[in-house]
Amino acid sequence: KRFEREVANLFKEEGFEATRSAQCMGKTGQAADVIGVPYLHIECKHVEQMKLYEWIAQAIRDTEAEGKGNLPCVIHKQNRKDILVSMRYEDFIKIFIAYVKGVSE
């Protein structure tokens, strides 16, 4: 839960209205761990044993259940290591193309 708060705070520092979801209180079913970031369904994992494909599958299932069309991603870290973001290539390329178009205009 601490890592979910940390991730939400990182997004807040960038100007987003991010918070931990009510999922932590058992109220929202397939809700993301962090909400308030447009276009992303964010799952957070701070563990030493990586199960990345399982986590991505969970994010995809939950995103589809929400039905909002958000892009599923997993923000994860191990102790004393950088925070990383993982997602499917097909979702990453959508973000990258939008970024490149915005930079070149």
Side-chain angles (χ1 to χ4, degrees):
K1 308 308 178 216
R2 185 179 323 152
F3 185 58
E4 293 172 5
R5 283 191 296 273
E6 179 182 354
V7 169
N9 286 332
L10 289 170
F11 278 103
K12 282 181 185 177
E13 289 172 9
E14 299 298 332
F16 295 97
E17 296 180 16
T19 60
R20 278 183 74 211
S21 72
Q23 172 190 17
C24 64
M25 295 172 249
K27 295 183 180 175
T28 62
Q30 288 90 14
D33 291 334
V34 173
I35 58 174
V37 180
Y39 309 110
L40 292 179
H41 177 99
I42 301 170
E43 295 292 329
C44 298
K45 306 291 183 185
H46 183 192
V47 296
E48 293 304 301
Q49 295 297 317
M50 305 296 279
K51 297 181 181 179
L52 195 51
Y53 281 93
E54 289 179 29
W55 300 340
I56 293 288
Q58 173 194 349
I60 292 167
R61 278 192 313 273
D62 292 352
T63 300
E64 290 171 354
E66 277 185 325
K68 296 178 182 177
N70 290 333
L71 302 176
C73 69
V74 178
I75 299 179
H76 53 96
K77 86 180 287 319
Q78 293 176 316
N79 290 332
R80 295 172 296 285
K81 298 206 175 152
D82 291 337
I83 296 173
L84 302 176
V85 178
S86 295
M87 61 187 354
R88 296 178 294 190
Y89 174 80
E90 65 193 67
D91 297 325
F92 165 77
I93 199 65
K94 290 175 188 174
I95 294 170
F96 186 68
I97 288 170
Y99 171 78
V100 168
K101 286 182 179 178
V103 169
S104 64
E105 291 178 0

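Numbers for residues simply follow the sequence, beginning at 1.
- Linking Ile, Leu, Val, Met, Phe, Trp and Tyr residues whenever their side-chain heavy atoms come within less than 4.5 Å places L52 and V47 in a single cluster.
- The hydrophobic cluster containing L40 does not contain I35, counting ILVMFWY residues as joined when their side-chain heavy atoms lie under 4.5 angstrom apart, directly or transitively.
- In terms of the side-chain contact (heavy atoms from CB on, under 4.5 Å) criterion, residue partners of Y89 (sequence neighbours excluded) are, by chain and number, F92, I93.
- In terms of modelled atom types and a separation under 3.5 Å, the side chain of S86 and the main chain of V74 share no donor-acceptor contact.
- Looking at K45 and Q78, their side chains never bring a donor and an acceptor atom within 3.5 Å of each other.
- Here the CD-NZ distance, from E48 to K77, works out to 8.5 Å after rounding to the nearest 0.5 Å.
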Check against side-chain contact (heavy atoms from CB on, under 4.5 Å), K12 and E17: CA-CA 6 Å; K12 282 181 185 177; E17 296 180 16; over 6 Å; no
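- Between Q49 and W55, the shortest heavy-atom contact is O-CZ2, 3.8 Å.
- Side-chain heavy atoms closer than 4.5 Å link hydrophobic residues (I, L, V, M, F, W, Y) into clusters, and following such links, possibly through other members, connects L71 to V34.
- Between atom NE2 of residue H41 and atom CG of residue D33 there is a gap of 7.0 Å, rounded to the nearest 0.5 Å.
- For Y39, there are no ring pair (Phe, Tyr, Trp, His ring centres under 6.0 Å) partners, not counting sequence neighbours.
- Contact detail for T63 and N70: the closest heavy-atom pair is CG2-O, 2.9 Å.
- Smallest separation of non-hydrogen atoms from A32 and I42: CB-O, 3.4 Å.
- Ring orientation note: the planes of F16 and F11 are nearly perpendicular, at an angle over 60° on the 30°/60° scale.
- Side chain of E4 to backbone of C44: no donor-acceptor contact under 3.5 angstrom is found.
- Note that NE2 of H46 is 12.0 Å distant from NE2 of H76, once rounded to the nearest 0.5 Å.
- The heavy-atom pair separating M87 from C73 by the smallest distance is CE-CB, 3.8 Å.
- Residues passing the side-chain contact (heavy atoms from CB on, under 4.5 Å) test with R88, sequence neighbours excluded: I56, I60, P72, E90, D91.
- Of all heavy-atom pairs spanning E66 and A31, the tightest one is OE2-CA, 3.7 Å.
- Inter-residue side-chain proximity for N9 and E6 is flagged as unmet; no heavy-atom pair is nearer than 4.5 Å.
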E43 and I75: side-chain contact (heavy atoms from CB on, under 4.5 Å), yes or no, with the steps? CA-CA 6 Å; E43 295 292 329; I75 299 179; over 6 Å; no
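- Connection of L84 to L10 is not established within any shared hydrophobic cluster, with ILVMFWY side chains joined at heavy-atom distances below 4.5 Å, either directly or through further cluster members.
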